[in-house]
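Here the structure is laid out as structure tokens; the discussion comes afterwards.
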Amino acid sequence: MRVVNPETSIRGRLAPSPTGALHLGNARTFLVAWLLARRRGGRVVLRMEDLDHPKVKPGTAQAALDDLRWLGLDWDEGPDVGGPHAPYVQTARRPLYRQALLRLQEQGLVYPCVCTRRDVEAGQSAPQSGDDGLAYDGACRGRFGSYAAAAATLPPGRLPAWRFRVPDGAETVFDDGFHGPQRERVGATVGDFVIARDPDGAGYMLAVVADDAAMAITEVVRGDDLLAATHRQLLLYQALGLTPPRFIHVPLVVSAEGRRLAKRHGDTRLAAIRAAGVRPETVVGVLAWWCGWAAWGDELRPADLLDRAELGSIPREPAVLTDPVKARLNVS
Ligand code: GLU
């Protein structure tokens, strides 16, 4: 299903984290990301975001590729198909992150930090909104002469984090493709933030910026739990002299009570739905119905949606895993 238009330079991406199996929420976001790129003849890049060890589980990366293909999505560049920006697996891209970190170090924009593990972990994974808590007070600003000096104060097995020194009064502004104009002073809301918990800078926040820029991604479509993190990423784009992509944050899929999907809401993993004998067309039909692009009960391939995938039809509220949806998809 190759619909690339050589005239367009649109490049979207699918960036699964192999920390767990893909579920309906991931599937909806990936379908939207794929359609927004493909309907204008853009290219789709698949990048495996596997820096989040020890949460990365063996076999999950391959399973994510299998699940996405089963659903009917494809990509022009990725770990299994190669491409001009290879490698497409973050753990194989550490030199790029080291280089980005070095640029920040040269400008005095980062420092090592030994504050609590909870703070530190928030920077290693993609931060979901609500995880951020209070603004960091800058306790480790100017405290250590080097990363090694900071590391020496920690018990074995714990590593310092690299924190970005937010310029005083810095304000970031962007026009989200779904949520509209956004504005924030990161110094007041989050404070100096963690870009990685790794000596070489290989953590979510720095890696996602370095990679999206290096892979010439023009549009980032992802869940709106990362809306707030975008401001931090914009500060990194600025500091690294890189051009940010357009951002489009779409609502998540939630339980009937409005909660983030969890095991107790039923097994919404694509692998489980597939194992229960549900056809991919049925799943895509439900995902599209959630987006306002299909009628209830439609059976569709992703490519059937190319001429109806309008962002404006997606409801502002999260998509809800109702009982009829569960019944249709055999989720128990
Ligand atoms: N890999 C991240 C996740 O699955 C997505 C990060 C992003 O799209 O920027 O949460």
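Numbering of ligands and ligand atoms starts at 1, following listing order.
The option with the heavy atom closest to atom 9 (O) of ligand 1, from among Arg47, Gln233, His249, Arg222, is Arg222.
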Check the pair Arg11, Asp76 against salt bridge (Lys or Arg N to Asp or Glu O under 4.0 Å), reporting the backbone distance first and the verdict last.
CA-CA 10 Å; Arg11 291 173 60 82; Asp76 308 293; over 6 Å; no
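Residue Val208 has at least one heavy-atom neighbour below 4.0 Å for each of these atoms of ligand 1: 9 (O). Residue Glu49 approaches ligand 1 through these ligand atoms, each under 4.0 Å from one of its heavy atoms: 1 (N), 2 (C), 5 (C), 6 (C). With ligand atoms numbered from 1 in the order given, ligand 1 contributes 6 (C), 7 (C), 9 (O) to contacts under 4.0 Å with heavy atoms of Tyr204.
Geometrically, Arg222 does not engage Phe247 in a cation-pi contact, judged by NZ or CZ lying under 6.0 Å from the ring centre and within 45° of the ring axis.
With a heavy-atom cut-off of 4.0 Å, Asn26 does not touch ligand 1 at all. Residue contacts with ligand 1, taken as heavy atom pairs separated by less than 4.0 Å, involve Arg13 solely via side-chain atoms from C-beta onward.
For ligand 1, the polar-atom distance check finds no N/O of Leu226 at less than 3.5 Å from any of the ligand's N/O atoms.
Centroid-to-centroid, the aromatic rings of Tyr147 and Trp162 come within less than 6.0 Å.
No chain of hydrophobic side-chain contacts below 4.5 Å, direct or via other Ile, Leu, Val, Met, Phe, Trp or Tyr residues, connects Val254 to Leu31.
By the ring-ring contact (aromatic ring centres under 6.0 Å, His included) test, Trp289 is found to be paired with Trp296, residues two or more places apart in sequence or in another chain being considered. The ring-ring contact (aromatic ring centres under 6.0 Å, His included) check on His231 picks up Phe174, with sequence neighbours excluded.
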